[in-house]
Amino acid sequence: MFILLCMALSCSELKKRTTLNGAWTSIGSGWVLAIQDSSTYQLYDVTTQSCVVRRDAGFNELASSLELTNDTLTLKKGVISYLFKPAERIPENCTETLSKEEREDPMYNFEVFAQTVRDHYAFFELNNTDWPSLYEQQKQRLLLNPSDIELYKVIDEILLEINDNHAYLEAPEQVYAQLEDEESEEETEGILGKEYGDFEIANVVTNHHLIEDYTKDSWLMSWGKITDSIGYIQVKTMWLYADLGLPQSLIDSLGYVDAYVTTFSKMNEGDYIRKEAEAVATLMKKVMDDLKDTESIVIDVRFNGGGQDAVSFEILSHFITGTDQVATQKLRYNDTFTPELILSIEGKPDAYTKPVYVLTSSQTGSAAEAFSIATMALPDVQRIGSRTAGAMSTALEKQLPNGWFFSISNEVYMDMEGKVYENTGVPPDHRIAYSRDRQTFFRSVADDLESDKDRILDAIQKLGSN
């Protein structure tokens, strides 16, 4: 994060800013936002060593997501609000033009990556990480062979070593091709049983468990009844709901999911998240209309790897009558954290207020865990199954000067009592001992579907009698 200098304008003048125009620096995310005459804006990824333009677009796409209060500018993305303070100008390195050789230098990109991790990774202490030693070890390794392939390996190993549950690294296809060429051929072990995908096992479960299936116009959510009086909603994912107008030619070329990712990555992130929430709101109205007369509802997120927190909160809003505070979060930057932000869900006037049971497993991750932790604040909701994955933090996505993308966990997500569930996962109210191994868990459910359903119904009976 660059240091703001009050030179041409005094600090007091900066604080009195009453217009959105000008430069703003984020508290906790390493961003600089520059707004030009309320007509265009640029969003930069900034470290002390680098500045990368992440987006350059018309201001109208961002305007509805911004709010100015005193000297603080708030940018709303989904359920999270990011705070910005006035800056005199954008950092000098944002106006510098690097040569292609400078932008692609492996050592330079490594230092930018390392600075970002040093400034923003939230769990060094939790994971007992000796960052100075890890940094120096990987730096020396790259110095011996400063190539793109070695840069990829070094960064990838760091992300594994710091045990970041939300980290990823994305490089160009040629890097992956070279990595494959380097790998020696290994004998593959025999498959011990059928390999299930998340959606596949989810469909196997609904096909068995539902005695009445009301699902229509959705491949991402299934719903119906598992007994005459108990409703069932299976939420397979917390994204992919928005209608992004994908061209069929793009779907045919890339496949639906990759076409979806390609399309939303070109959008303003706030607009994309808003479309996801609006789409799932429309779907949930159908679901709740079908299940409103049941005596209780089961929501199954055991096979849900996550997506958008805004989708999770929109689903839960149908089970809340007022506005409930459900979690808190803070962002790490440099050697401190931002003030804690309270996350709330605004309910529905016609919300379902009868008992709700949420099914979780160690495959319940990310935004599905935001869903799970929020239920801890709702008195009519109880959880059945095993602890969730423990990947709570929202990922902070960054771009390196060479064009590669990566993300790290910079957010500490907590319940309303301030407890952190990173790594350990959100606990159930009634435990079912599911295996933490993905395929072992999936096969145990698929191989005895009747027992799976019986365990769920037995847990509901026990919780309901308490």
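Starting from 1, each residue takes its place in the sequence as its number.
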Strictly by modelled atom types, are [X] and [Y] linked by a side-chain donor-acceptor pair under 3.5 Å?
X      : Y      : result
Tyr232 : Gln234 : yes
Glu61  : Tyr41  : yes
Ser435 : Asp437 : no
Thr282 : Tyr241 : no
Trp223 : Asp290 : yes
Ser99  : Glu102 : yes

Rounded to the nearest 0.5 Å, what separates atom [atom1] in [X] from atom [atom2] in [Y]?
X      : Y      : atom1 : atom2 : value
Asp45  : Leu396 : CG    : CG    : 7.5 Å
His208 : Leu449 : NE2   : CG    : 5.0 Å
Lys77  : Ser29  : NZ    : OG    : 8.0 Å
Ile297 : Leu291 : CD1   : CG    : 5.0 Å
Thr129 : Ile158 : OG1   : CD1   : 11.0 Å
Ile273 : Ile80  : CD1   : CD1   : 8.0 Å

Apply the side chain to side chain contact (heavy atoms under 4.5 Å, CB included) test between Tyr135 and each candidate in Lys139, Gln137, Gln138; give the one that qualifies.
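When side chain to side chain contact (heavy atoms under 4.5 Å, CB included) is applied between Tyr135 and each of Lys139, Gln137, Gln138, only Lys139 qualifies.
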
Decide if atom NZ of Lys286 counts as having more than 12 heavy atoms of other residues, nucleotides or ligands within a radius under 6.0 Å.
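Check passes, neighbour count above 12.
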
Would you call [X] and [Y] a salt bridge, using N to O less than 4.0 angstrom?
X      : Y      : answer
Glu200 : Lys236 : no
Glu195 : Arg443 : yes
Glu269 : Arg54  : no
Arg302 : Asp452 : yes

Mind checking whether Tyr176 and Tyr152 have ring centres under 6.0 Å apart?
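Under 6.0 Å, so yes.
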
State yes or no: are the ring centers of Tyr82 and Trp31 separated by less than 6.0 Å?
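Centroid separation for Tyr82 and Trp31: below 6.0 Å.
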
Is it the case that the side chain of [X] and the backbone of [Y] share a donor-acceptor pair, with hydrogens and angles ignored and the cut-off at 3.5 Å?
X      : Y      : result
Ser407 : His166 : yes
Asn109 : Asn402 : yes
Tyr256 : Leu246 : no
Glu276 : Ala242 : yes

Which residue is it: Asn163, Asn165, Asn127? I am looking for the one with a side chain to side chain donor-acceptor pair (under 3.5 Å) to Glu422.
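Testing each of Asn163, Asn165, Asn127 against Glu422, the sole residue satisfying side chain to side chain donor-acceptor pair (under 3.5 Å) is Asn165.
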
Over-ring placement of Lys194 relative to Tyr196, 6.0 Å and 45° cut-offs
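Yes, Lys194 sits over the ring of Tyr196.
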
